[in-house]
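Protein chains get the first letters and strands the later ones, always in sequence-line order, with residue 1 at the start of each.
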There are 2 protein chains.
Amino acid sequence: MLKRGRPQRDPSARSAADAGEDASPVGFRPLYRQVRDALIKRIVEGAWQPGELLPSEHELAATMNVSQGTMRKALGELERDNFVIRRQGKGTFVARHDEARILFQFFRVAPDEGDSEFPDSRIVSTATRLANDEDAVTLKMRPTSRVAVIERLRSIGNRPCIIERIILPCSLFPRIEKRRLPNNLYQLYRSDFGVTIVRAKEKLKAVLATSHDGQLLGMKAGAPLLSIDRVGLTAEGRPVERRVSMCRTDIFHYFAELK
Amino acid sequence: MLKRGRPQRDPSARSAADAGEDASPVGFRPLYRQVRDALIKRIVEGAWQPGELLPSEHELAATMNVSQGTMRKALGELERDNFVIRRQGKGTFVARHDEARILFQFFRVAPDEGDSEFPDSRIVSTATRLANDEDAVTLKMRPTSRVAVIERLRSIGNRPCIIERIILPCSLFPRIEKRRLPNNLYQLYRSDFGVTIVRAKEKLKAVLATSHDGQLLGMKAGAPLLSIDRVGLTAEGRPVERRVSMCRTDIFHYFAELK
DNA sequence: TAGTGGTCTAGACCACTTC
DNA sequence: AAGTGGTCTAGACCACTAG
């Protein structure tokens with residue numbers, strides 16, 4: 001509950017950690033950001049279940065002692081970051097992170113012909129090892145830390161498509177390599193490790209297939225593959241996952257929208 | 001000037017063409033969209049020059065007979081679409097389409113090491129021809145229409161980086177192939193042809209270099225290249241440019257942000 | 001100090017969904 | 001008809017910029 005009763009500003013909140021996407025050098029934290037963060041905290045803690053209907057704008061505004069307009073702006077940011085889904089006439093729902101929606105948010109590979117489906121996954125191997133220099137830099141870890149590495153093959157419509165090597169700090173994801181891993185890892189991160197990835201950055205290159213990768217993908221060594229090096233980030237901008245993918249693009253492609 | 005005096009809605013505006021990014025099946029056009037479109041029209045017509053300071057929110061709202069809040073929302077969309085730049089304490093400026101900003105909006109290739117610079121361009125060839133099937137589909141043209149084709153080599157820091165083949169409907173860009181072409185084509189489209197590209201869609205694949213492309217890029221035939229097939233769209237969602245790029249990714253990479 | 005955009009409020013009405 | 005999010009207004013104050 002925000003310590004506010006009136007349109008005055010809460011000075012104690014100004015010094016709050018501000019590592020959000022718009023972190024400004026001098027701390028000024030608008031009320032709607034405080035409201036947003038409070039709501040994120042409650043959602044991640046599980047105060048409402050995925051798919052559950054939230055109280056109305058009016059109600060939420062009343063219980064947090066802010067105006068409807070301010071609550072509206074906070075909910076707008078939550079929708080933008082895919083924490084909630086809003087439907088006129090119906091209400092505001094906690095987003096399910098296992099829906100087709102995520103396909104377009106984090107999975108940017110589609111078949112050249114036919115509809116875009118969500119890919120299957122087959123685990124090839126899991127292990128832990130010391131972080132290498134690249135891991136340490138992208139995940140902002142100490143070089144001596146350990147990481148879990150998950151290798152899996154993803155297929156769309158029974159056609160092998162992508163080899164993923166997923167690198168996770170053991171400190172954030174203890175013993176994840178021993179688990180039975182679902183197709184949608186981001187949902188697992190959130191439900192079992194309290195880590196919510198809301199955005200990611202990717203670097204793409206064209207490379208030639210190694211014999212190992214070629215074999216798994218059903219292509220010859222030396223065939224061109226698309227290499228995708230992704231870092232997954234939390235709402236606070238903290239890097240928590242590195243994912244290196246090799247994608248065959250003879251019958252698939254990567255798509256992007258620039259705006 | 002919008003025909004409104006009071007909070008009532010303007011029925012004549014409802015039937016207005018709505019091909020915007022959020023086109024809904026049944027026409028309901030919020031006031032701030034009408035305001036936005038009116039402002040876009042004036043900007044494209046050149047009522048204010050690039051870089052020029054616009055009147056304040058209050059003034060604009062008064063002259064268009066809407067509240068400041070509505071004007072604010074319209075200006076917010078203009079900022080999101082990069083028509084204007086807003087600075088607290090300074091004002092709202094018409095965006096220059098030749099600034100570093102556009103580098104991050106439409107140019108997603110950067111050197112692996114060192115800072116991201118804007119690339120030089122060297123025209124390799126220009127010509128016109130009949131649209132092929134792919135052109136006709138992506139640009140929504142009749143198959144018999146003519147297109148202009150511009151081939152150019154782009155370099156970053158004197159290192160060849162990308163070969164671009166730019167395909168434009170002759171109907172929209174008459175005689176463009178005869179012109180002296182600047183580095184920033186999108187600015188030319190806007191100033192000389194009244195066509196403003198606000199967003200684009202790209203399809204990426206890994207391919208092997210042809211001897212022609214390899215030679216221009218200083219690589220061997222058979223080296224892996226990143227192929228980028230882009231469609232440029234106006235604010236109304238109309239496709240107006242196709243651009244097929246071959247990018248060397250041994251020392252450069254393509255970057256994307258997912259959110 | 002004046003002017004700008006940014007935030008916040010309070011309250012009204014509209015469009016959409018469900019009963 | 002009731003309840004939701006979406007739009008719109010009117011007015012206040014705050015933070016930032018510049019003379």
Side-chain angles (χ1 to χ4, degrees), chain A residues 2-11 13-14 18 22 24-37 39 52-62 64-80 83-95, chain B residues 2-11 13-14 18 20 22 24-37 39 52-62 64-80 84-95:
Chain A
L2 304 172
K3 322 176 202 154
R4 287 182 74 265
R6 298 270 59 204
Q8 43 95 359
R9 203 162 305 278
D10 175 11
R14 291 169 173 244
D18 186 345
D22 298 316
S24 47
V26 59
F28 162 62
R29 201 164 188 64
L31 184 53
Y32 68 83
R33 278 278 160 77
Q34 304 176 40
V35 173
R36 178 196 71 161
D37 291 349
L39 289 173
E52 190 178 339
L53 178 64
L54 261 60
S56 71
E57 283 184 6
H58 265 106
E59 267 182 89
L60 284 171
M64 288 201 173
N65 279 305
V66 298
S67 75
Q68 190 200 352
T70 299
M71 180 54 67
R72 184 168 184 69
K73 196 152 185 182
L75 290 171
E77 295 216 335
L78 289 192
E79 183 179 35
R80 191 200 56 183
F83 281 102
V84 301
I85 295 173
R86 317 194 73 193
R87 290 285 170 261
Q88 188 177 51
K90 299 182 75 171
T92 303
F93 302 82
V94 178
Chain B
L2 304 171
K3 323 177 200 153
R4 286 182 75 267
R6 298 269 59 207
Q8 43 96 358
R9 203 160 305 279
D10 176 10
R14 292 169 172 244
D18 186 345
D22 297 317
S24 47
V26 58
F28 162 62
R29 201 166 189 63
L31 184 53
Y32 68 82
R33 278 280 159 77
Q34 304 175 41
V35 172
R36 179 196 71 162
D37 291 348
L39 289 172
E52 191 178 339
L53 178 64
L54 260 60
S56 70
E57 285 183 6
H58 265 108
E59 268 182 89
L60 284 172
M64 289 201 174
N65 279 306
V66 298
S67 76
Q68 191 200 353
T70 299
M71 180 54 68
R72 184 168 185 68
K73 196 150 185 184
L75 290 171
E77 296 217 335
L78 289 192
E79 183 179 35
R80 191 200 57 183
V84 301
I85 295 172
R86 315 194 73 192
R87 289 285 169 261
Q88 188 177 51
K90 300 182 75 172
T92 302
F93 302 84
V94 178

Identify the nucleotide, in any strand shown, that forms a Watson-Crick or G-U wobble pair with D:dG19, with both distances under 3.5 Å; if there is none, say none.
none
Between D:dC8, D:dG6, D:dT4, which nucleotide gets closest to the side-chain atoms of B:Pro30?
D:dC8
Kindly point out which of C:dC8, D:dC8, D:dG5 is positioned nearest to the side chain of B:Ser67?
D:dC8
Could you please name the option among D:dG5, C:dT4, C:dT7 that lies closest to any side-chain atom of B:Ser56?
C:dT4
Could you tell me how far apart A:Leu78 (CG) and D:dG5 (P) are, to the nearest whole angstrom?
13 Å
note: A:Glu77, atom CD; C:dG6, atom C1'; distance rounded to Å ~ 13 Å
Between C:dG5, C:dA15, D:dT17, which one does the side chain of B:Lys90 approach most closely?
D:dT17
Checking A:Glu57, A:Arg86, A:Glu52, A:Arg87 against A:Thr92 for side chain to side chain contact (heavy atoms under 4.5 Å, CB included), the one that qualifies is A:Arg86
Once you round it to whole Å, what is the distance between C1' of C:dT4 and CG of B:Leu60?
12 Å
Separation of D:dC14 atom C1' from A:Tyr32 atom OH, nearest Å, is 13 Å
If you pin A:Gly89 and A:Thr70 to their nearest nucleotides in DNA chain C, which one's is more 5'?
A:Thr70
Please report the shortest heavy-atom distance between B:Phe28 and B:Pro30, naming the atom on each side.
O-CD, 3.4 Å
Which of these passes side chain to side chain contact (heavy atoms under 4.5 Å, CB included) with B:Met64: B:Leu31, B:Thr70, B:Leu39?
B:Leu39
Report the C-alpha distance between A:Glu77 and A:Arg80 in whole Å, list the side-chain angles of each, state the deciding distance to 0.1 Å, and finish with yes or no for side chain to side chain contact (heavy atoms under 4.5 Å, CB included).
CA-CA 5 Å; A:Glu77 295 216 335; A:Arg80 191 200 56 183; 4.3 Å; yes
In whole Å, I'd like the distance from the CZ atom of B:Arg33 to the C1' atom of D:dG6.
12 Å
Rounded to whole angstrom units, what separation is found between the CZ atom of B:Arg72 and the C1' atom of D:dG11?
15 Å
Distance check needed: D:dG5 P versus A:His58 NE2, whole Å only.
10 Å
For D:dT17, does OP1 or OP2 lie under 4.0 Å from any side-chain N or O of B:Arg87?
no
Whole Å only: how far is the CD atom of A:Glu57 from the C1' atom of C:dC8?
15 Å
If you round to the nearest 0.5 Å, how far is NE2 of A:His58 from CZ of A:Arg72?
11.0 Å
Closest to the A:Val66 side chain, choosing from C:dC16, C:dT9, D:dT9:
C:dT9
Taking 4.0 Å as the cut-off, does a side-chain nitrogen or oxygen of B:Lys73 come that near to OP1 or OP2 on D:dC8?
no
